[in-house]
Structures are given as structure tokens and as C-alpha cells.
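Worksheet for the structure shown next.
A, B, ... follow the sequence lines: proteins, then strands. Residue 1 opens every chain.
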There are 2 protein chains.
Amino acid sequence: MNTITKQNERRLVTLLRSKGPITRMQISELLSVQPSTVTRLVNDLFMRDILEEVADPERSGRRGFPSKLVGLRADSFYSAGVFVDPGTLFTCIVDSHGKLLSEESRLIVDRNFESVFGHAGRMIDRQILDLGLNRNAFIGCGISYPGQHTNKPGKVLRTTYLAEWPDIDARTDLEPFFDMPVHQLNDAKSACLAELLFGICKPIHNFCYIWLSYGIGGAAVIRQNLYLGERMVTAEFGGLFPKSQPRPSGQDLLDTLAQAGHSFTRLEDIPDALLSGPVVQAWVDRAIGQLRWLSLVIMRTFAPEAIVIGGRLGDPILDRICQELGQMETLGEDYAIGMPAFLRAETDHKPQLGAAALPVYFGTSIAEPA
Amino acid sequence: MNTITKQNERRLVTLLRSKGPITRMQISELLSVQPSTVTRLVNDLFMRDILEEVADPERSGRRGFPSKLVGLRADSFYSAGVFVDPGTLFTCIVDSHGKLLSEESRLIVDRNFESVFGHAGRMIDRQILDLGLNRNAFIGCGISYPGQHTNKPGKVLRTTYLAEWPDIDARTDLEPFFDMPVHQLNDAKSACLAELLFGICKPIHNFCYIWLSYGIGGAAVIRQNLYLGERMVTAEFGGLFPKSQPRPSGQDLLDTLAQAGHSFTRLEDIPDALLSGPVVQAWVDRAIGQLRWLSLVIMRTFAPEAIVIGGRLGDPILDRICQELGQMETLGEDYAIGMPAFLRAETDHKPQLGAAALPVYFGTSIAEPA
DNA sequence: ATTTTTATTTTGCATAGCGCAAAATAATCA
DNA sequence: TGATTATTTTGCGCTATGCAAAATAAAAAT
């Protein structure tokens, strides 16, 4: 694989992903390096087929050496993603822009760890073959599933749904199934990376992600870097809610519906009629109040520019939550600092995109120094 | 001033401050650089009188080239600190280890901004003269006072006590009074830096500081770096408490005592007898419950190794709070990750030390890359 | 049509920083 | 006294990058 290792190379790639194609002069200013350094950097990455020049539509009729835009090539590398829904296995291949090139899903009948990842590996292999891609054009494979990270570095707590799974280490336990570098993060943190690299957060340097799925997860991005701490247990927003009422998770929604006589196991199964009905609406109203409080906590701790709402609750609910939070004038009584932007996640429909974002993030991004 | 600019120089200084004197081999390993690089780095800093060799008491009777310890020189530079208590001006000079070389305080009679900082500048000048120090051996002067940072970069919100003050920018408004680089941060964040550089947190890379003074402030240190975000309004823990009961601030303690018939304006005026009496004890009990909840919030967001308790509430109260929090088995019902260490701040008796820590931090520390 | 002006990009040169390998050093051990 | 050992330094070369001058390709002026 065509690895991007140098400090300034990664800074450049991160910049271009965030800004889209820009001129060499802009690169020079934004990276605080000399134009000559940009030339060498860019030429080197051209030769390695990582960057390309694209026509500048705005640039015409102006004096001086015509500037050309430099951008990331979509086909500079590819990434594979595996998302393990408790009942279904989702796999996909994306290009370096995060465009979904192929996807394949499969019901999980045998929940055994070896069985699941054996299938996942074969599904990825098949897709690479079908797309006619070169295997070593792959920067890696990302694995994601619901669960809370433990203190052990590189391990993810087994979920309640997959209770028989062992604590899994990406390198030793998963790599044999995929024959490429493997990265692993839980669903919330992976989804957050998909927004950062491929979605609505591309231009945003500091944000927090509230992941509303069957459970509630979260992630914080600081200076375009996922904040993991040393134990990966940071920004676990689900655990913050007071126990006086149930936290506004998808599981709680299912429970609420069940109590009203509508039993479903999966969030996707809730019919639209019910989603716009009074039971769900009342639940959403309560959730918005709770999430407003959570947003206050986030602003008092991380104080990000934006709070991103995403998850698997579905568009009707998440859109409304995001919209109503965004219209609020304040988050609390003595809340004096400005309101964050509330953004609706773009990539949460396909959690396998989050998984595919992991190798891109760990393989091409970098922390800016303070 | 003998500035420390190079990346590895700052990494080395940060390392030595954190670890104390260590051998060149240890430096090589801990910084992941070649021994030869250490030699050059260290020799360069020797010549600039920033480092010194100290005898290794443990190293004797062992084979091989005897290793000598390399440490920071106490006199490599000095720093000045100004802390503005609403009623009193505290100034000090410290050496590079944070040892207090001199201090001077003065009641504030004229609260006018120019008057206060005019006095502060002259007090610092006098102390430099008295100590016989060279003015350009100073890395800078730190200014600290209670208040919440605003969104405007480099500005500190004027406190309620000093309401007539304008928003102050360190560079433009304060530098004229001191004739050296000036840095400015509120009381909580400055105190946090004093613990990081001079106090109990020297060996700790990730911690959060709960500052219990007349108000409640906070700060977060991530990988030995103060986390300020872009607006400096991060980790404002005081704003997190539910409004159902008053937040456990010094002001609340004074109010509580006043209601019990004991009126004081300053926390230092509370007599010991009262501090060990039932009114204060009951207040502390309530405070511990509230701070336990705050600690849970901190662990769910920043998930630091340690939570540090400091402020101006005085030793009897703060010691007890810290001790009781540290003995708890859990922070909440479904709290599954390990307990943080609860540490009692060492430098909070002298908030001017926090101010003096600012130039040291901004002038010699560095963020480690992720 | 040619020259000038302009903004952008590239080239040549110099230097700082650091890795690698070999040498030097100062102690203990045989 | 010489061998062994751990640590530190020296010599060499490479890479990344800054700086200044040159080259480039367009518009504007002549």
C-alpha cells in the first residue's frame, strides 16, 4: 500500500479532504509552509497517484500565472468496512472520498466470532474481485459494532447481543480474516469518523457527535482528531443521563412502543404511520429535553463548534431532534457562551461507512500541533 | 530571552519537568529518538544553560559507562506571576522549577484597571531588582484572576467584582505594564497549569482539575496539554450543576454560613472552629455528593487518569472532599470503567503560582502528537 | 503584435535535524 | 592488567524545508 507517512504529507491530505481542491498558494498559506515546499510535496504525491490537478472554474480572466486546483484522487486508495449489526453483517468498499463502490449484507445465523468474521472476510474479497480492484490499493479494513470500549487498549467490550464473543484485538484477532491492516472502533466513534472524513463535518475542526442508536454513544473531535484518550472510553454520552427517567435511546423507544401495544425488535421495522403518531412524538419531545441537557454538558466540557446528531433512529426522528435543538436560543439558565451549530449527520444511514472510515482516518490523517 | 523553540527541545524540557532528572538513555527511549540525537540536543541545551548534569545517587557499582542524570536547571529562566484577588494583588517571582523566590501582596484600594496593573508592574520590577536577577532571564509574566473566558480569543470576561474592567487582551492591554511577554488565563486554568508544571500532576498526562473557589471553575489537561479549545470556554465545570440546589462554591458556603448567623466576606476569615462545626460539615457532605456527580460527568466525557481537587476553600474542606471522593467505589449506578485517582492540589495555597506557571507553559511545553 | 505587468509556481542552493553505524569512554569483572 | 559491559559521542549521509532567484503563463498596456 502507498502509505502516507510524512508529517506534511498527512497535513496536506487532511487539509484537502477538509477543504476540497485548492490552489498551491492556498496550501502554502494554510499549512504555513513555503510555496517551494508545496511544489515538492504535491509533485511527490502526484507521482504516487494520490493527488490530481482539477480545472479551476473560478480562475479565468485574472492576471498572473494561472493557478490550478490540487485535489485528492478518488482512486488513490480504497477502504473496506464491516459493520456488525447484532442480526446482520454489512460490508462495503469505498473509494478515498468515501463513495460507496459496493456493498453486501448478510443475515447472521451463526453468531460465532469465527463464523461472522470468516463471512465478512469472504464478502470483502468477493467485492474487491467484482470491482476489479487491486488488493494492495487498499489502505485497510475497518470493523465496527455496537459496544463500549474497555480500558484495555485496542479492545472493544463485547455487546450484550454478542455476549459469547471474546474481547477482540484488531491486530491479532481480526487481521487474519482480512489480509490487510485492520482497525476497530465502536459504532458511535466510527460513525463520527465517517462524518469527519466523508460527511457534513469535513470543514469542521471541533465537534461532538451524539449517536442515537439502540443505545447512546458519542465521540468528540478536537482539531480534526478523534479524541480517544488512552482508554477509548471518552465522550460516552449515554452514561451521562440521570437515572430518574430512561435515557432517550432506540431501545427506550422500542420499549415505549411495546408498552403502547406495538412490539418491534428492530428500529427499521417501525412503520411510518407510527413514527408520526402521538406515542413517538411524545417520546421525541421528551428526548429533545434530555438531549438539550446533554448539549449543555457538552458545551461546558468540550465546548465544540458543532454538535452532530446521528444514529439509527431514522430520519423522521433524528431530523426533528436536530432541527428543534438548533432552534433553541439557549441551553440553560445561566448559559452565556454562544450556541453550537446542530448538524444532522449525513452518513449514518450506512453504518458500514463508519467502519470504512477507520483505515482512512488512521492511515492518512494527522493531529495538528497545538 | 533564551527561547526554546525546536520541537524536540520542547519535548525534552517537558519530559524532564515531568520525570525529573533522567539519563540520556532514558531520554532516548522516552522521546523515541536516537542516542546521538539526545547528545546533540542535550549539549546544545547545556551550552544555553537550560540543562545541567546532576549526580546519580543510584548509579554506582554498575558496569558500563557511568550514566549521569540530566535535569532542568532551576535558574535557566524565571517567571513572574500576578494574581488579582478581588481585594488584593498578589505578585511573585519563581524559578523554572516553580520555586517561589519572592512574593509581594498589596491591598487593592483603587480598582481601576490601569492602577491595579501599574502597581503590579512596579511590584514585579522591585522584586526582580531585589533578587538581583537579569530582566531578560525572564520568560514572561502571567496574569490570572477569577472570571470566565469569553469567545473572543485572548480575552477574559471581567469578573463581577471588577465589573468596571474592560475585556482585556494580554498582548495589547497588559504587555505595556510589564515589559516582557504576558500571558493571561483565569484562576482555575492557571491553577491547573501550576499543578501540571510544578505540583502533584507533574507525572500525570491526562487529568481534570476541579477548582473550588468563590465560584467553581475547571480545566482539562490532555497529553500534558491544557485543553482550551478555540474559545477557552472548555471544562467550565461550575456551569454543569443542576439548578435544583446551589452549586458547591465558596460563595455558597459563605451564604450558608451567613444564614446560620456567621457573616464573612472572605473564605480565609472563616475560623477553624466553624470549619469543623456542624454547619460546614453538613455543607461539605452535600458538596461531596454534588462533586461525585461532577466526577461522573468528567469520566464520561474526558475520562482522565486523575481528577484533581484544588481551590481556595482551604485545606480542612478540600482535603476532606478529596479523601472521601477517593475512597468511593463507584461514581454511579452503571459506572463500569475504572475509578480515577483523586488528587489534592499542592499549589493552590498560592494562586500567584498559577499565574507564574503560564509563561513557563506557553514558552517551554509542547503537545505530543497523537 | 509586442512588451510590460502580475500572480503563481518551480529551481537551485544552503542548512537544520536526525537516523545509523562505528568509535570512544569509563566503569566493573575476571 | 586486560576483557566485558553499558552508555555516550563522533562521523557520515539523507531528508525536509526555508530562502531567493528564476521561470512561467496569463492579462493589460503600449
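Rounded to an integer number of Å, the gap from A:Asn43 CG to D:dT24 C1' is 14 Å. In this structure, A:Arg24 atom CZ and C:dT11 atom C1' are separated by 14 Å, rounded to whole Å. Taking atom CD of residue B:Glu53 and atom C1' of nucleotide D:dT7, one finds them 12 Å apart after rounding to whole Å. In this entry the distance linking CE of A:Met25 with P of C:dT6 reads 16 Å, nearest Å. The interatomic distance linking B:Leu69 (CG) with D:dT7 (P) rounds to 12 Å, in whole Å. When the P atom of D:dT9 is taken as reference, atom CD1 of B:Ile27 falls 10 Å away, rounded to whole Å. What separates CZ of A:Phe46 from P of C:dT10 is a distance of 8 Å, to the nearest Å. Distance, B:Gln7 CD to D:dG18 P: 14 Å, rounded to whole Å.
Within the 4.0 Å cut-off from OP1 or OP2 of C:dT11, not a single side-chain nitrogen or oxygen of A:Arg40 is found. Distances shorter than 4.0 Å separate none of the side-chain N or O atoms of A:Asn8 from OP1 or OP2 on D:dA16. At least one side-chain nitrogen or oxygen of A:Thr37 sits closer than 4.0 Å to the OP1 or OP2 atom of D:dG18. For B:Lys6 and C:dG17, the shortest distance from a side-chain N or O to OP1 or OP2 is below 4.0 Å. Phosphate proximity of D:dC19 to A:Gln34: present, with a side-chain N or O under 4.0 Å from OP1 or OP2. Note on B:Thr39: a side-chain N or O is less than 4.0 Å away from OP1 or OP2 of D:dT9.
A:Phe302 has its ring centre no less than 6.0 Å from the ring centre of A:Phe207.
The residue B:Val33 sits close only to the backbone: its heavy atoms come under 4.0 Å of sugar-phosphate atoms, none of a base.
B:Met180 is listed as a side-chain neighbour of B:Ile128, based on a closest heavy-atom distance under 4.5 Å.
Looking only at atom types and distance, the side chain of B:Ser144 has a donor-acceptor partner in the side chain of B:Ser190 under 3.5 Å away. Residues B:Ser365 and B:Arg17 bring no donor and acceptor atom of their side chains to less than 3.5 Å of each other. Side-chain contact, B:Asn43 with B:Arg40: no donor N or O sits under 3.5 Å from an acceptor N or O.
Side chain of B:Thr23, nearest nucleotide from D:dT8, C:dT10, D:dT9: D:dT8.
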Where do N or O atoms of nucleotides 3-5 of chain D meet protein N or O atoms at under 3.5 Å, pair by pair?
{"unit_1": "D:dT4", "atom_1": "O2", "unit_2": "B:Arg63", "atom_2": "NH2", "d": "3.3"}
{"unit_1": "D:dT5", "atom_1": "O4'", "unit_2": "B:Arg63", "atom_2": "NE", "d": "3.4"}
{"unit_1": "D:dT5", "atom_1": "O2", "unit_2": "B:Gly64", "atom_2": "N", "d": "3.2"}

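No option in A:Leu15, A:Leu16, A:Val38 other than A:Leu15 meets the side-chain contact (heavy atoms from CB on, under 4.5 Å) test with A:Leu30.
Contact detail for A:Ile139 and A:Ser79: the closest heavy-atom pair is CG2-CB, 4.0 Å.
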